[in-house]
Amino acid sequence: MNDVLGLPAEMPSDFATACACFNVRRAARAVTAFYDSVLQPTGLRSTQATLLMAIATAGAPTISRLAEALLLDRTTLARDVKLLAEQSLVGVTPGDDQRTRQLRLTDAGRAKLRQVIPLWEQAQTRLIAEGLGPARWGQLYADLQEVVRLTQG
């Protein structure tokens, strides 16, 4: 036992530096809070805005297909979609069979995206173009894709 904290002796003293989960989640919270603050005038959180963007990009995806692409649990995605549907930003219609639901942006959803995009571009510019720079962002993007690949197998 670690006498000072009562922790197991095997607990790394440099946990905050060594733990991938801790650091990736910490960075994700910081980025989310940053985008939330930039997008605040739209009334959407960054998670909602990126979900609208993902639906717009995918066309008319099913909840299952979108959940798979976003690495989200279907029930979590369905709950997030419900909030957007309640705001009339997303329409949910029956899919090809009884079990599937297809998503589409409504006119209000497209209008909301027109509000979101300029602010999202500002956030992107501050974080990538003025902050990390394109080369560092490119490497970070590649590294993040590799982290996803490693954790999926």
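Atoms considered below: every heavy atom in the structure, side chains included; atoms not considered: hydrogens, waters and symmetry mates.
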Step-by-step side chain to side chain contact (heavy atoms under 4.5 Å, CB included) determination, Gln87 to Leu44: CA-CA 10 Å; Gln87 297 176 60; Leu44 292 181; 3.9 Å; yes
So how far is it from Leu84 CG to Glu86 CD, rounded to the nearest 0.5 Å? 9.5 Å
Whether the side chain of Gln102 engages the backbone of Pro61 through a donor-acceptor N/O pair (distance < 3.5 Å, no angle test) should be reported. no
Could you check whether any side-chain N or O of Thr106 sits under 3.5 Å from a backbone N or O of Ser88, counting only pairs where one atom can act as donor and the other as acceptor? yes
Taking atom CZ of Arg29 as the centre, does the number of heavy atoms from other residues, nucleotides or ligands within less than 6.0 Å exceed 12? yes
For Phe34 against Leu127, the heavy-atom pair lying closest together: CE2-CB, 4.2 Å
Thr100 side chain reached by Pro94 side chain, heavy atoms, under 4.5 Å: no
Is there a donor-acceptor pair closer than 3.5 Å between any side-chain N or O of Asp36 and the backbone N or O of Arg45? no
What do the steps show when you test Arg65 against Glu68 for salt bridge (charged side-chain N to carboxylate O under 4.0 Å, His left out), and what is the final call? CA-CA 5 Å; Arg65 193 174 107 221; Glu68 184 179 307; over 6 Å; no
Can you give me the closest heavy-atom contact between Leu39 and Ser46, atom names plus distance? CD1-CA, 3.8 Å
Val31, Met53: one ILVMFWY side-chain cluster at the under-4.5 Å cut-off? yes
Same cluster or not: Val147 versus Leu70, using hydrophobic residues (I, L, V, M, F, W, Y) connected whenever any side-chain heavy atoms lie under 4.5 Å apart? no
Atom pairs and distances, donor-acceptor, side-chain atoms in residues 131-143, under 3.5 Å, two or more places apart:
residue	atom	partner	partner atom	Å
Gln139	NE2	Asp143	OD1	2.8

Mind checking whether Val90 and Lys82 have side chains closer than 4.5 Å, heavy atoms only? no
Applying side chain to side chain contact (heavy atoms under 4.5 Å, CB included) to Leu105 and Leu89, what does each step give before you reach the verdict? CA-CA 6 Å; Leu105 290 185; Leu89 301 176; 5.9 Å; no
Could you verify whether a donor N or O on one side chain and an acceptor N or O on the other, from Tyr35 and Gln124, lie under 3.5 Å apart? yes
Do Arg110 and Leu52 pass the side chain to side chain contact (heavy atoms under 4.5 Å, CB included) test, and can you show the C-alpha distance, the side-chain angles, and the key distance before you say yes or no? CA-CA 9 Å; Arg110 285 187 287 281; Leu52 283 180; over 6 Å; no
Cluster check Leu119, Val116: I/L/V/M/F/W/Y, side chain < 4.5 angstrom: yes
For the hydrophobic clusters of this structure (ILVMFWY residues joined by side-chain heavy atoms under 4.5 Å, transitively), does one cluster hold both Ile55 and Leu72? yes
Apart from Val148 itself, members of its ILVMFWY cluster (side-chain separation under 4.5 Å) are Leu71
Using a distance-only test with no angle check, is there a side-chain donor-acceptor pair under 3.5 angstrom linking Thr93 and Arg104? no
With side-chain hydrogen bond (donor to acceptor under 3.5 Å, both in side chains) as the test, would you mind laying out the steps for Ser64 and Arg74 before giving the verdict? CA-CA 6 Å; Ser64 294; Arg74 282 185 74 250; 2.8 Å; yes
Looking only at heavy atoms, the pair that brings Leu103 and Val92 closest together is CD2-CG2, 3.8 Å
Apply the test side chain to side chain contact (heavy atoms under 4.5 Å, CB included) to residues Leu77 and Leu51: give CA-CA distance (whole Å), side-chain angles for both, the deciding distance (0.1 Å), then the verdict. CA-CA 9 Å; Leu77 179 59; Leu51 185 51; 3.5 Å; yes
